[in-house]
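Computed from a prediction, not measured in an experiment: that's the story for all the values here. Ligands are counted one by one from 1 in listed order, and the atoms in each one are counted from 1 as well.
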Amino acid sequence: MPRIAYVNGRYVRHADAVVHVEDRGYQFADGVYEVCEVARGFIVDMTRHLDRLNRSLGELDIAWPMSRKALETVMREVVRRNRVMNGMVYLQVTRGVAPRDHVFPVAARPAVVITAKRIDPAVVHKRAEGGLKVITVPENRWDRVDIKSIGLLPNVLAKQKAKVAGAHEAWFIDPDGTVKEGASTNAWIVTMEGKLVTRPADHGILRGITRTTLFDVAGKLGLEIEERGFTVAEAKAAREAFITAATTVVMPIVEIDGESVANGHPGSVAMSLRQAFFDVAEKTRA
Ligand code: PLP
């Protein structure tokens, strides 16, 4: 069964899915995106993801490519046509196709691409059970990382640096020494008192949807959350550290810059948050 992508109004074979050379996403990274987890045949937290898409589009003054209802239908259809039970659905909206010029085109229509991919949940779970390693890198991104823009070059370079170092994620560090977030994840620690700590989602980080829903999950488990910055030293000395993102949910961190976090094994708080997540999150049948 061939993979199917949705490109500007048409369902096409993934292998044949193309956009125009003057798509502004291609030339200027002039666009935004969303990634939703698909779990057990449901799109997870679709409402929150589309609320954030609305905000990202608004911040960049890009119109919705179609009504929100229609976009929801297409997302479900792409998941369905690809028979994804577990995996992800990716959606990207750019300002559209226009002769290359930095200023906004007058007439371009927003362009939209939606794809879906299967991910084996057993593989992800195995990674969680092993725990992940992170490295730290100086923050070098623009100051509007609260917008889920497709301009991800610093994130790409940081992630590659992590890979070369034998790690899975890179944490961006503020000049004041506090952890901002990962290249594609939000960062958390668990203090010795069992309190969850994560940086406030101001303009310094992306307000992760998994992060937001984790507030609900923590509430259900009776865990307290403190929104404040934490340093790398505090993270290394913490009871646990973990990261959150839609495709991997909660992933324990066992090593930071080559030093073990606690006993170097995934923590029980992170694992119970991971376990409880699906039940608490919003589920939309694909
Ligand atoms: N921070 C960054 C920079 C990201 O790219 C992502 C996800 O792609 C996240 C955090 C986590 O966001 P979410 O939980 O919505 O996937």
*Give the contacting part of Thr244 toward ligand 1: side chain, backbone, both or neither, where contact means a heavy-atom distance below 4.0 Å.*
backbone
*asked:* Which of the numbered atoms in ligand 1 are under 4.0 angstrom from any heavy atom belonging to Ala246?
replied: 13 (P), 14 (O), 16 (O)
*Starting from atom 12 (O) of ligand 1, locate the nearest protein heavy atom and write down its residue, its atom name and how far away it is, to 0.1 Å.*
Gly208 CA, 3.4 Å
_Tell me whether Arg199 forms a cation-pi arrangement with Phe230, defined as NZ or CZ under 6.0 Å from the six-membered ring centre and within 45 degrees of its axis._
no
*Could you list which atoms of ligand 1 come closer than 4.0 Å to a heavy atom of Glu181?*
1 (N), 2 (C), 3 (C), 10 (C)
*asked:* Starting from atom 13 (P) of ligand 1, what is the nearest protein heavy atom, named by residue and atom, and what distance separates them?
replied: Ile209 N, 3.5 Å
*Charged N to carboxylate O below 4.0 Å: is that the case for Asp216 and Arg48?*
yes
*asked:* Heavy-atom count check: over 12 atoms from other residues, nucleotides or ligands less than 6.0 Å from Tyr26 OH?
replied: no
*Among the clusters formed by ILVMFWY side chains lying less than 4.5 Å apart, do Met251 and Val38 turn up in the same one?*
no
*Arg228/Glu234 salt bridge by N-O under 4.0 Å criterion*: yes
*Can you check salt bridge (Lys or Arg N to Asp or Glu O under 4.0 Å) on Lys195 and Glu193, steps first, answer last?*
CA-CA 6 Å; Lys195 208 183 271 185; Glu193 298 74 42; over 6 Å; no
*Gly182: numbered ligand 1 atoms lying under 4.0 Å from its heavy atoms*: 3 (C)
*Kindly confirm or rule out a cation-pi arrangement of Lys117 over Tyr90, judged by NZ or CZ under 6.0 Å from the six-membered ring centre and within 45° of its axis?*
no
_Quick check: Thr210 and ligand 1, any N/O pair under 3.5 Å apart?_
yes
*asked:* Please compare Pro154, Ser184, Ala158, Ser149 and report which has the shortest non-hydrogen distance to atom 7 (C) of ligand 1.
replied: Ser184
*Go through ligand 1 atom by atom and flag the ones less than 4.0 Å from a non-hydrogen atom of Tyr33.*
5 (O), 8 (O)
_Within-shell test, Arg52 vs ligand 1, heavy atom, strictly < 4.0 Å_ = yes
*Select one of side chain, backbone, both or neither to describe which atoms of Phe172 lie under 4.0 Å from any atom of ligand 1, heavy atoms only.*
neither
*asked:* Can you tell me which portion of Leu152 lies within the under-4.0 Å heavy-atom range of ligand 1? Options are side chain, backbone, both, or neither.
replied: neither
*Are the side chains of Leu214 and Val280 in touch, meaning some heavy atoms are under 4.5 Å apart?*
no
_Ligand-residue contact atoms, ligand 1 with Asn186, heavy atoms, under 4.0 Å_ = 10 (C), 11 (C)
*asked:* Quick check on Lys148 - does any of its heavy atoms sit under 4.0 Å from an atom of ligand 1?
replied: yes
_Sidechain-backbone polar pair: Arg100 side chain, Phe28 backbone, donor-acceptor under 3.5 Å_ = no
